[in-house]
Amino acid sequence: YLAMVLCVAVPLKIWNSARTERKLEEQNRSLVEARLVALTNQINPHFLFNTLNSISALIRVDPNEARGMIYKLSNILRRLLRKVEAFTPLREELNFIEDYLAIEMVRFGEKLRVEKDIDPDTLNQPVPSMVLQPIIENSIRHGLANQVEGGTIVIRSRLTNGYLKITVEDDGAGIPEERLKELFTLGV
């Protein structure tokens, strides 16, 4: 009788564990996809309106530059509207950022400078889609936009011990010391 119970109970336990593991994997995958959709939807509406206003102003004084901005904006919108894969090669993410930064550089002029230090070995590494745009937008919006002299954004990529390391730095205003202490206290 014990052998019969074990013959039924052990496979049932294994099947139940495997089913639970599959459910957890599916939930994790859904969570990652939801986070990526949220990132994709984060493109700031102000960016769109500011870009359209810049294009409108350029049409009169530099139609070729306005045409170039429309092309770059259409590339950005096309990427946002098509079904975005969860991960994309760093090369594609950087191409997307090129169009975004080109528009921002037209808007800010010489106040916005961008430097890139990209290791060629990192270009085919997968990264979450739309991971760089919100970070760079925050650098511009919170770090550089209010600086009279503007500033520089530096984008770097390296492979370190088999891991992709991407850094985005700006030389802007920074976070006030009191707020920084608060953020670290809250664990944000």
Side-chain angles (χ1 to χ4, degrees), residues 35-36 38-62 64-77 79-80 88-123 125 127-160 163-188:
R35 286 180 178 161
L36 291 171
L39 274 176
T40 301
N41 292 332
Q42 277 185 4
I43 195 145
N44 192 325
H46 292 99
F47 166 75
L48 180 59
F49 294 125
N50 290 338
T51 301
L52 292 173
N53 285 334
S54 295
I55 291 169
S56 176
L58 279 172
I59 287 173
R60 290 184 191 99
V61 295
D62 192 347
N64 287 333
E65 184 76 25
R67 206 173 3 265
M69 279 185 77
I70 290 170
Y71 177 76
K72 289 173 184 357
L73 180 61
S74 69
N75 286 342
I76 289 171
L77 295 175
R79 168 115 189 250
L80 292 174
T88 186
L90 179 60
R91 172 187 327 279
E92 287 182 27
E93 192 68 13
L94 290 171
N95 288 341
F96 174 77
I97 291 305
E98 282 290 324
D99 286 339
Y100 177 79
L101 283 170
I103 289 171
E104 292 290 36
M105 291 172 93
V106 167
R107 287 184 48 227
F108 287 98
E110 293 180 12
K111 286 178 59 174
L112 177 60
R113 295 168 298 282
V114 178
E115 296 175 10
K116 290 187 207 120
D117 182 14
I118 307 297
D119 181 347
D121 292 337
T122 65
L123 292 174
Q125 295 294 315
V127 296
S129 291
M130 295 294 294
V131 71
L132 292 176
Q133 188 275 332
I135 297 168
I136 291 171
E137 180 179 13
N138 282 340
S139 285
I140 294 169
R141 188 172 177 199
H142 300 294
L144 304 177
N146 294 327
Q147 303 285 67
V148 173
E149 70 281 357
T152 303
I153 294 176
V154 180
I155 305 168
R156 290 187 182 89
S157 70
R158 295 281 178 271
L159 280 176
T160 307
Y163 291 97
L164 176 61
K165 180 179 179 183
I166 301 172
T167 57
V168 176
E169 300 173 4
D170 67 68
D171 59 1
I175 300 173
E177 192 70 33
E178 300 79 34
R179 179 68 178 138
L180 197 55
K181 285 179 187 175
E182 182 183 317
L183 290 172
F184 282 121
T185 304
L186 295 173
V188 175

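Since the structure is predicted, the reported quantities are computational estimates derived from the model, not experimental observations. Residues take their numbers from the sequence shown, with the count starting at 1.
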Any side-chain heavy atom of [X] within less than 4.5 Å of one from [Y]?
X: Arg158; Y: Asp117; answer: yes
X: Glu182; Y: Glu178; answer: no
X: Leu52; Y: Leu73; answer: yes
X: Leu94; Y: Leu123; answer: yes
X: Ile97; Y: Ile153; answer: no
X: Leu101; Y: Ile140; answer: yes

For this session: Would you check, one step at a time, whether the test side-chain contact (heavy atoms from CB on, under 4.5 Å) holds for Asp171 with Val154?
Result: CA-CA 9 Å; Asp171 59 1; Val154 180; over 6 Å; no
Kindly give the heavy-atom pair with the smallest separation between [X] and [Y], and that separation in Å.
X: Arg113; Y: Gly150; answer: NH2-C, 4.2 Å
X: Asp119; Y: Leu159; answer: OD2-N, 4.3 Å
X: Lys111; Y: Val148; answer: CE-O, 3.5 Å
X: Gln147; Y: Gly172; answer: NE2-C, 3.6 Å
X: Ile166; Y: Val127; answer: CD1-CG1, 3.9 Å

Problem set entry | CD/Glu149: more than 12 non-hydrogen atoms of other groups inside 6.0 Å | yes
For this session: Walk me through it: do Asn138 and Val168 pass the test side-chain contact (heavy atoms from CB on, under 4.5 Å)?
Result: CA-CA 10 Å; Asn138 282 340; Val168 176; over 6 Å; no
Roughly how far, to the nearest 0.5 Å, is the [atom2] atom of [Y] from the [atom1] atom of [X]?
X: Thr122; Y: Arg156; atom1: OG1; atom2: CZ; answer: 13.0 Å
X: Ile76; Y: Thr51; atom1: CD1; atom2: OG1; answer: 7.0 Å
X: Glu169; Y: Ile135; atom1: CD; atom2: CD1; answer: 12.0 Å
X: His142; Y: Glu137; atom1: NE2; atom2: CD; answer: 8.0 Å

Exercise. How far apart are the C-alpha atoms of Leu58 and Asn64, what are their side-chain angles, what is the distance that settles it, and do they pass the side-chain contact (heavy atoms from CB on, under 4.5 Å) test?
Worked result: CA-CA 8 Å; Leu58 279 172; Asn64 287 333; over 6 Å; no
Exercise. Has the side chain of Glu93 got a donor or acceptor atom that lies under 3.5 Å from a matching backbone atom of Met130?
Worked result: yes
For this session: For side-chain contact (heavy atoms from CB on, under 4.5 Å), just list the numbers for Val114 and Ile136, CA-CA rounded to whole Å, side-chain angles, deciding distance to a tenth of an Å, and then say yes or no.
Result: CA-CA 10 Å; Val114 178; Ile136 291 171; over 6 Å; no
